[in-house]
Amino acid sequence: MSISRRDALKLTGAATILAGTTLVAKEEQKKESFKAPIPPKTNPRIVVVGGGWSGLSVAKYSKKESSNADVILVEQRTQFISCPMSNLWLVDKVDLEYLTHDYLEAARENNYTFFNAAAIDVDKKNKILHTTNGDIEYDYLVLAPGIEYDYSCWTDDVVLERRLRQEYPAAFMPGSEHLTLKTKIKNFKGGNFIMTVPGGNYRCLPAPYERACMVADYFKHKKLDAKVILLDENNNVTIKEQGFLTAMRELYKDYLSYHPNSKIEEIDLDNKKVTTEFEEFEFEDASFYPYVRGGKILEVVGVAKDTVYNKLEGNIDYISYEAKGEKDIFISGDASPMGFSKSGNTSNTEGQYVAKIIANRIKKNLPIKWISPVTICFSAVSIYPEHAIFIHSEYAYDKKKNSFGFATPITSENWRGKDGLENAKGLYSWANSMFIDMFKK
Ligand SMILES: Cc1cc2nc3c(=O)[nH]c(=O)nc-3n(C[C@H](O)[C@H](O)[C@H](O)COP(=O)(O)OP(=O)(O)OC[C@H]3O[C@@H](n4cnc5c(N)ncnc54)[C@H](O)[C@@H]3O)c2cc1C
């Protein structure tokens with residue numbers, strides 16, 4: 001069908017009106033922008049976006065390192081729910097209270113301001129953070145927004161994406177997704193329950209394997225005729241391989257079937273079928289974990305780039321954590337691009353280091369020496385009884401590969417007997433100490 005000149009003119013007119021409307025809307029937005037209800041800035045101000053494992057650590061340690069600074073933590077949620085330990089909550093080993101923590105308490109204990117709002121943009125020239133609850137001036141800005149999902153690894157069809165997000169959520173970001181997944185697990189009557197492990201540097205390398213083991217143990221305990229089908233895009237378990245593979249083989253032979261090299265080619269939700277390069281799987285229920293990318297605010301602010309691992313992670317200098325070409329803006333936690341294990345402990349230690357860098361900048365001292373983040377990661381492999389495995393490592397930079405790798409890994413992958421029980425105790429002590437570190441003085 002051809003389009004007449006008159007139609008074309010009409011369309012151009014419409015486009016002009018639309019463009020005009022957008023401009024007017026932007027002008028009005030500008031006019032309507034308002035100051036956040038916080039006292040005016042009198043000291044150096046550090047504003048942190050994102051109250052997750054990294055942002056909470058940046059806020060607390062910034063106040064410790066720079067006691068005269070005015071520290072503001074901007075978080076869109078009203079309460080903190082932990083992803084670490086949530087796999088145990090899915091199978092009723094801990095309750096929701098154990099995972100839930102109070103932002104106001106963290107701010108009171110550590111003498112900073114908690115500001116409940118979503119960051120929407122940054123005026124980099126004038127050093128102003130725009131939020132849904134008003135504008136905040138900053139001297140130093142830290143973006144720690146964590147991850148978002150990247151469904152483009154499977155589909156460009158937004159209808160399918162919407163169904164995957166809503167009906168089969170990954171539950172790798174805390175909140176409703178976890179509630180949905182828990183209900184699915186509790187109500188599962190039998191058959192195949194598909195879970196997936198994405199490629200790239202996804203959030204928490206061991207968590208999909210830990211979750212598969214937890215759910216398999218739950219099905220086993222309930223004596224269900226049910227199986228977790230774990231489709232892994234990678235060619236092997238990506239971390240603590242020995243521990244997970246032996247547990248899967250010895251404990252869950254009839255309840256868990258692990259498939260490496262299983263990149264998903266098609267998801268047919270109507271017929272409940274998943275196709276990989278080599279096989280087809282039918283399922284009764286599922287939770288699909290896609291690739292991850294950095295939080296959207298990075299892209300909005302113009303400080304995101306594609307990496308060898310994922311799309312749109314923080315575009316920062318690996319040593320100073322400062323955004324390239326953007327002085328005084330830093331990025332920390334899972335949104336950073338270094339290829340570290342995207343874990344809570346890593347994010348916490350990165351947050352402490354970023355707080356030191358900013359303190360040094362305030363004191364106008366020389367740059368500080370690079371401090372490696374620390375990954376300490378316990379994973380439960382069974383709940384009846386509770387057995388776990390763990391890894392502890394710092395990182396080293398490989399100049400040739402231009403990337404970081406584990407430098408000092410210490411692992412305990414024997415989940416059997418006394419070792420496994422001790423590791424399970426370690427899991428709880430680690431989580432308790434991290435909650436204290438983030439929320440108490
Ligand atoms: C099931 C599971 C198990 C895990 N187990 C472990 C474990 O055992 N050990 C371990 O060390 N790690 C574990 N992890 C990983 C750990 O949860 C993450 O690595 C960690 O949360 C990353 O911290 P972060 O601060 O970068 O991101 P997050 O903790 O996700 O925090 C980001 C915060 O930013 C906020 N935010 C985003 N955008 C905006 C905006 N525009 N404005 C305001 N706020 C915003 C979000 O609401 C969120 O609160 C696990 C993860 C999962 C999913």
Side-chain angles (χ1 to χ4, degrees), residues 50 52-53 76-77 79-101 145-151 153-155 160-188 192-219 226-233 238-239 244 256 258 264 267 269 272 274 283-293 295 310 333-334 341-344 347 377 379-381 383 427 431:
W53 286 65
Q76 61 198 0
R77 295 184 289 168
Q79 56 187 10
F80 174 95
I81 301 177
S82 175
C83 274
M85 305 304 278
S86 66
N87 284 336
L88 290 161
W89 169 76
L90 289 174
V91 292
D92 296 335
K93 264 296 163 191
V94 299
D95 53 30
L96 196 54
E97 262 191 352
Y98 182 67
L99 304 180
T100 309
H101 298 269
I147 58 150
E148 311 250 352
Y149 299 127
D150 173 15
Y151 282 90
C153 59
W154 290 327
T155 184
L160 177 59
E161 177 174 336
R162 187 191 72 104
R163 286 194 66 188
L164 288 169
R165 283 181 186 273
Q166 203 155 298
E167 296 169 36
Y168 301 95
F172 271 77
M173 299 207 281
S176 292
E177 293 181 28
H178 273 77
L179 295 170
T180 294
L181 179 56
K182 183 161 178 150
T183 309
K184 279 171 180 280
I185 294 166
K186 295 214 100 172
N187 294 343
F188 199 60
N192 289 342
F193 196 116
I194 286 190
M195 294 184 186
T196 65
V197 188
N201 187 18
Y202 59 89
R203 168 170 277 183
C204 197
L205 295 178
Y209 308 104
E210 178 189 63
R211 184 178 287 174
C213 288
M214 295 297 91
V215 176
D217 208 3
Y218 185 79
F219 290 165
K227 204 174 222 176
V228 175
I229 307 283
L230 186 60
L231 302 181
D232 190 344
E233 183 164 330
T238 51
I239 193 165
F244 282 120
L256 202 171
Y258 173 63
I264 292 179
I267 304 176
L269 294 182
K272 294 200 165 172
V274 171
F283 62 90
E284 271 61 46
D285 213 340
S287 162
F288 292 101
Y289 182 11
Y291 274 58
V292 304
R293 45 156 292 178
N310 301 321
D334 278 7
S341 161
K342 292 192 187 298
S343 80
S347 298
C377 192
S379 306
V381 298
I383 32 174
L427 168 68

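Nothing here was measured: the structure is a model prediction, and the numbers come from that model.
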Side-chain contact test, heavy atoms from C-beta onward, threshold under 4.5 Å: evaluate it for Phe188 versus Tyr218 and give yes or no.
-> no
Would you check, one step at a time, whether the test side chain to side chain contact (heavy atoms under 4.5 Å, CB included) holds for Leu427 with Met85?
-> CA-CA 9 Å; Leu427 168 68; Met85 305 304 278; 3.7 Å; yes
Is there a side-chain contact between Ser287 and Tyr289 (heavy atoms, below 4.5 Å)?
-> no
Ignoring hydrogens and geometry, is there a side-chain-to-backbone donor-acceptor pair from Ser343 to Cys204 under 3.5 Å?
-> no
Of all heavy-atom pairs linking Arg77 and Phe80, the shortest is NH2-CD1, 4.5 Å
Give, for atom CD of Glu233 and atom OH of Tyr291, the distance between the pair rounded to the nearest 0.5 Å.
-> 3.5 Å
Shortest non-hydrogen separation from Leu99 to Pro84 and the atoms involved | CD2-O, 3.8 Å
Please name all residues satisfying salt bridge (charged side-chain N to carboxylate O under 4.0 Å, His left out) with Glu167, sequence neighbours left out, ordered by chain then number.
-> Arg163
Is there a donor-acceptor contact under 3.5 Å from the side chain of Tyr209 to the main chain of Thr238?
-> yes
Hey, could you give me the SG/CG distance between Cys213 and Asp217, rounded to the nearest 0.5 Å?
-> 8.5 Å
Can you list the steps and then say if Leu230 with Phe244 is a side chain to side chain contact (heavy atoms under 4.5 Å, CB included)?
-> CA-CA 12 Å; Leu230 186 60; Phe244 282 120; over 6 Å; no
Return the minimal non-hydrogen interatomic distance between Leu90 and His178, and the atom names on each side.
-> CD2-O, 3.8 Å
Stepwise, does the side-chain hydrogen bond (donor to acceptor under 3.5 Å, both in side chains) test hold for Tyr149 with Glu177?
-> CA-CA 12 Å; Tyr149 299 127; Glu177 293 181 28; 2.7 Å; yes
Check: Tyr258 and Val228 side chains under 4.5 Å, non-hydrogen atoms = no
Check whether any side-chain heavy atom of Ile264 lies under 4.5 Å from a side-chain heavy atom of Thr196, and answer yes or no.
-> yes
Roughly how far, to the nearest 0.5 Å, is CG of Leu179 from CG of Leu96?
-> 7.0 Å
Under the side chain to side chain contact (heavy atoms under 4.5 Å, CB included) rule, collect the residues that match up with Ser347, sequence neighbours excluded.
-> Trp53, Ser54, Asp334
Measure the spacing between CD1 of Ile185 and CE of Met214 and express it to the nearest 0.5 Å.
-> 11.0 Å
Taking the side chain as every heavy atom from C-beta outward, state whether Tyr168 and Ile194 have any atom pair closer than 4.5 Å.
-> no
Between Trp154 and Leu164, is any pair of side-chain heavy atoms under 4.5 Å apart?
-> yes
Point-to-point distance, once rounded to the nearest 0.5 Å, from CG of Leu181 to OG of Ser176 = 12.5 Å
Are Pro174 and Gln79 side-chain neighbours, meaning at least one heavy-atom pair lies under 4.5 Å?
-> no
Worked check of side chain to side chain contact (heavy atoms under 4.5 Å, CB included) between Thr180 and Gln166 | CA-CA 9 Å; Thr180 294; Gln166 203 155 298; over 6 Å; no
Leu256 vs Phe193, side chain to side chain contact (heavy atoms under 4.5 Å, CB included): CA-CA, chis, key distance, verdict = CA-CA 9 Å; Leu256 202 171; Phe193 196 116; over 6 Å; no
Distance-minimising heavy-atom pair for Asn310 and Gly200 = OD1-CA, 3.6 Å
Can you tell me if Lys272 uses its side chain to pair, donor with acceptor, with the backbone of Glu284 under 3.5 Å?
-> yes
Supply the atom-to-atom distance Met173 CE to Ser86 OG, rounded to the nearest 0.5 angstrom.
-> 13.0 Å
Expected output: side-chain Asp150 to main-chain Arg293 donor-acceptor under 3.5 Å = no
Note, Val274 side chain near Ile229 side chain (heavy atom, < 4.5 Å) = no
Look at the side chain of Arg203 and the backbone N and O of Phe172, then say whether any donor-acceptor pair between them is shorter than 3.5 Å.
-> yes
Could you pull out the closest heavy-atom pair between Asn201 and Val292, with the gap in Å?
-> O-CG2, 3.6 Å
